[in-house]
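One structure is given here, and the rest of the page talks about it.
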Amino acid sequence: MSTPAPAVPAPGADSEGVQAAATAVARGTRLPGWFVILWRNRKCRIGILMLAAFVLVAVFAPLIAPYDPRDDAFPTSLGPTADHWLGTTAQGEDVFSQLVVGARTSLVVGLAAGVLSTLIGLVVGLTAGFVGGWVDEVLSFLINLGLVVPALPLMVTLAAYAPVRGLWLIIIVISVTGWAYGARIKRSQIITLRTRDYITAARFAGDRTARIIAREIVPNMTSLIVVGFMGAALGAIGGEAGLAFLGLGDPLTVSWGTMLNQASLGGAMLTGQWAWLIAPGLALSLLITSFTLINFGIDALSNPHLRED
C-alpha cells in the first residue's frame, strides 16, 4: 500500500499559522492578540520586562527610596556604604534615592513628549497626505524645514532663553523640535493609502473626510503610529537628559540628567565616586534599550514574517 505524500504548505502558511496560534492563545488566556504576538518575540519580551521594572520603580518611588532625594543632611562625597548604597553627592544627598526618583521624571518626559510629538506629526502628516494641493505644499515645506533645522541647537536655544524653567518646558521644547520626521513618514504612508479601493468606496458612499480618516486610514497605520511614538519617546528621554546635563533643565527637578550634571560639577571622577557618575548613565542606557527591544515586537505586528513561533 502506497504511503500518502506529505502535504505541502501553501505560500504564507507559516505566517498564517503563527497568527492562528497567537489568536488561539489569546482566546485561551483572554489576552489581546497583539500582546501575544509581542510576548512571543524574545527581544520584545525582554524589553517589556525591563520597561515594566522601570515603571514599577517610578510608580513606587516614594516607597523604594530610603531618603528624600533633596535631603542634604548626610556627610558629603561618601562612597557606597550600608546606609547609602550608591554613596552621597557633594551636597550630602543620597544618590540611590535620586536614582529611584529620577526614573519617574524620565518616564513622564518620555510619555508626555512622545504623545505630543506623535499627535503633532500625525495631524500634520494626515492633513498633508490626504488633502493634497496647496495644503500639502505648505505643510511639506514646514516638515522639510523642521527636518533641516538642527534639533539640538534649537532645543538648547529654546530652553536657554525661555522665561521660565520647568519639566513641562522641556516636554514642550522636545515636542516642538521632534515631530517633523514622524510627519514625513505618515504623509508618505497616507499618500499610498488614499488611492486604495476601500477609500474610494468610502468616498462614493458619502462618508465624510473625518470618518474616512478615523475609520479607514488610522487603523491601517497603527503599527506605524506606535513605532513613531516609541521613537519620539526615546528621543524625548535622551533630549531631557542632554538638556539637564548641560544645565538647561529645572534644577529643582530630580532626573538622571540632573544627576549627571551634578556629578560632573561635583568632581565625581576626581573623588572616586564612580557610582554617582555611572548609575544614572547606566539607568538611561537600560531604559533606552528596553524601548529599542520592544520595537522588534512592534515590527512583528506589521510584518508577519518577523513573528516568532
Side-chain angles (χ1 to χ4, degrees), residues 32 34-35 37-38 41 44 47 109-152 154-155 158 171-203 207-240 288 291-307:
W34 59 266
F35 181 80
I37 295 174
L38 293 179
N41 188 285
C44 182
V109 170
L111 177 63
V115 169
L116 285 177
S117 296
T118 303
L119 286 177
I120 296 173
L122 181 62
V123 171
V124 174
L126 284 175
T127 304
F130 193 82
V131 177
W134 67 268
V135 175
D136 183 25
E137 294 181 2
V138 173
L139 293 180
S140 294
F141 172 78
L142 294 177
I143 293 173
N144 294 330
L145 185 63
L147 289 173
V148 298
V149 173
L152 182 58
L154 181 59
M155 290 170 57
L158 292 176
I171 293 173
I172 292 174
V173 167
I174 294 174
S175 301
V176 168
T177 58
W179 61 270
Y181 182 73
R184 183 66 174 270
I185 295 177
K186 294 175 180 64
R187 173 186 173 273
S188 301
Q189 181 69 12
I190 199 69
I191 289 176
T192 63
L193 290 177
R194 70 182 183 184
T195 57
R196 300 290 176 86
D197 292 339
Y198 61 91
I199 300 297
T200 304
R203 284 175 172 171
D207 290 347
R208 294 177 297 178
T209 301
R211 179 180 175 83
I212 294 174
I213 292 175
R215 302 294 291 271
E216 305 293 344
I217 294 179
V218 172
N220 289 285
M221 298 177 59
T222 302
S223 59
L224 184 63
I225 294 172
V226 175
V227 169
F229 165 75
M230 299 295 288
L234 276 176
I237 293 172
E240 186 278 330
I288 292 175
F291 277 90
T292 304
L293 292 175
I294 292 175
N295 264 334
F296 286 101
I298 296 175
D299 290 339
L301 285 177
S302 57
N303 188 351
H305 295 288
L306 299 178
R307 298 176 185 176

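- Looking at I225 and T118, their side chains come closer than 4.5 Å, going by heavy atoms from C-beta outward.
- Listed for the T222 side chain is a donor-acceptor partner under 3.5 Å among the backbone atoms of P219.
- Here the closest heavy-atom approach between residue S175 and residue S117 is recorded as CA-OG, 3.2 Å.
- For the atom pair L224 CG and I298 CD1, the distance stands at 11.0 Å (nearest 0.5 Å).
- Within a 6.0 Å sphere centred on OH of Y198, heavy atoms belonging to other residues, nucleotides or ligands number more than 12.
- Of the inter-residue distances, the one linking E216 atom CD with D207 atom CG reads 7.0 Å to the nearest 0.5 angstrom.
- Within the 3.5 Å criterion, the main-chain N or O of Q189 finds a donor-acceptor partner in the side chain of T192.
- With rounding to the nearest 0.5 angstrom, the CG atom of L234 is 6.0 Å from the CZ atom of F291.
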Determine, stepwise, if the pair L126 / K186 fulfils side chain to side chain contact (heavy atoms under 4.5 Å, CB included).
CA-CA 7 Å; L126 284 175; K186 294 175 180 64; 5.8 Å; no

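- Closest approach of M155 and T177 over heavy atoms only: CG-OG1, 3.3 Å.
- From R194, atom CZ reaches atom CZ of R203 across 7.5 Å, with rounding to the nearest 0.5 Å.
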Candidate pair T127 and L139, rule side chain to side chain contact (heavy atoms under 4.5 Å, CB included), full reasoning:
CA-CA 8 Å; T127 304; L139 293 180; 3.7 Å; yes

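- When each of V109, V176, V115 is tested with I171 by the rule side chain to side chain contact (heavy atoms under 4.5 Å, CB included), just one qualifies, namely V109.
- Side-chain contact check for D136 versus R187: some heavy-atom pair is nearer than 4.5 Å.
- Under the 4.5 Å side-chain criterion, counting only non-hydrogen atoms from C-beta, W134 is in contact with V138.
- Atom CG of L147 is separated from atom CG of L142 by 11.0 Å, given to the nearest 0.5 angstrom.
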Test side chain to side chain contact (heavy atoms under 4.5 Å, CB included) on I143 and W179 and set out the steps.
CA-CA 8 Å; I143 293 173; W179 61 270; 3.8 Å; yes

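- Taking each heavy atom of A236 and A113 in turn, the nearest pair found is CB-CB, 3.4 Å.
- Residues T195 and I199 are not in side-chain contact: their nearest non-hydrogen atoms beyond the backbone lie 4.5 Å or more apart.
- Two residues are said to be in side-chain contact when any heavy atoms from C-beta on lie closer than 4.5 Å; F130 and V135 fail this criterion.
- The distance from atom CZ of F229 to atom CG of L111, rounded to the nearest 0.5 Å, is 5.0 Å.
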